[in-house]
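Please read these numbers as outputs of a predicted model, since none were measured by experiment.
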Amino acid sequence: MAFARIYIAAAYPSDVLAGLLLGAAVGLISFLLIRRPFPRLLGAADPTIFRPLITATPRTWRAEPITEAF
């Protein structure tokens, strides 16, 4: 994409390089900030209705003892 913007003269090479560096910096800072609390957030979302958004594995249900009242 960066090469294409330069090739069609939609941006200067310095603009494209600045955008790439800024994107890399934002990505690295975001990763460093979220990597510790993220597993806790996923664990908290696991028992909620948002579980299908974080995993494709089915929920394992605990088997309850069958009690028949006669």
Side-chain angles (χ1 to χ4, degrees):
M1 183 96 162
F3 174 77
R5 292 198 52 87
I6 295 169
Y7 183 74
I8 64 170
Y12 290 108
S14 59
D15 294 343
V16 171
L17 182 62
L20 289 172
L21 292 175
L22 180 64
V26 169
L28 179 64
I29 290 169
S30 299
F31 169 74
L32 292 174
L33 288 175
I34 200 70
R35 72 178 172 159
R36 292 207 186 251
F38 198 64
R40 254 183 286 141
L41 291 171
L42 289 178
D46 188 63
T48 67
I49 61 170
F50 299 111
R51 187 180 202 294
L53 297 175
I54 58 175
T55 183
T57 58
R59 185 181 309 235
T60 56
W61 298 98
R62 288 183 288 186
E64 296 183 21
I66 299 174
T67 56
E68 296 183 23
F70 288 105

Checklist line | Connected-component partners of I34 among ILVMFWY, side-chain separation under 4.5 Å | finding: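 Besides I34, the hydrophobic cluster comprises F38, L42, I54, listed by chain and residue number.
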
Check: Given a cutoff of under 4.5 Å between side-chain heavy atoms of I, L, V, M, F, W and Y, with clusters grown through shared members, what are the other residues clustered with I29?
Finding: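 Its cluster partners, ordered by chain and number, are L33.
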
Holding to side-chain contact (heavy atoms from CB on, under 4.5 Å), I want the full list of residues that pass it with [X], two or more places apart in sequence or in another chain.
| X | value |
| --- | --- |
| L17 | L21 |
| L41 | none |
| T48 | A45, F50 |
| A44 | none |

Check: Is there any side chain to side chain donor-acceptor pair (under 3.5 Å) pair reaching into residues 30-39, and which pairs are they, with sequence neighbours excluded?
Finding: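 Every pair satisfying side chain to side chain donor-acceptor pair (under 3.5 Å) with a residue in residues 30-39: there are none.
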
Item checked: Shared hydrophobic cluster for V16 and M1 (ILVMFWY, side-chain gaps under 4.5 Å) ->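 Per the 4.5 Å side-chain linkage, V16 and M1 are not co-clustered.
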
Margin query: Among residues at least two apart in sequence or on other chains, which ones pass salt bridge (charged side-chain N to carboxylate O under 4.0 Å, His left out) with D46?
Written below: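 D46 satisfies salt bridge (charged side-chain N to carboxylate O under 4.0 Å, His left out) with R51 once adjacent residues are dropped.
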
Checklist line | Test salt bridge (charged side-chain N to carboxylate O under 4.0 Å, His left out) applied to R5 - qualifying residues, sequence neighbours left out | finding: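 With sequence neighbours excluded, R5 shows a salt bridge (charged side-chain N to carboxylate O under 4.0 Å, His left out) to no residue whatsoever.
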
Notebook entry, point to check: Looking only at heavy atoms, which two atoms of I49 and P52 are closest? And how far apart?
Noted result: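 For I49 and P52, the tightest heavy-atom pair comes out as O-CD, 3.3 Å.
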
Check: Nearest heavy-atom pair of I6 and P13: which atoms, and what distance?
Finding: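 Closest approach of I6 to P13, heavy atoms only: CD1-CA, 3.8 Å.
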
Checklist line | Pair listing, ring pair (Phe, Tyr, Trp, His ring centres under 6.0 Å) test, anchored in residues 2-25, at least two apart | finding: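 Listed by first then second residue: F3-Y7.
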
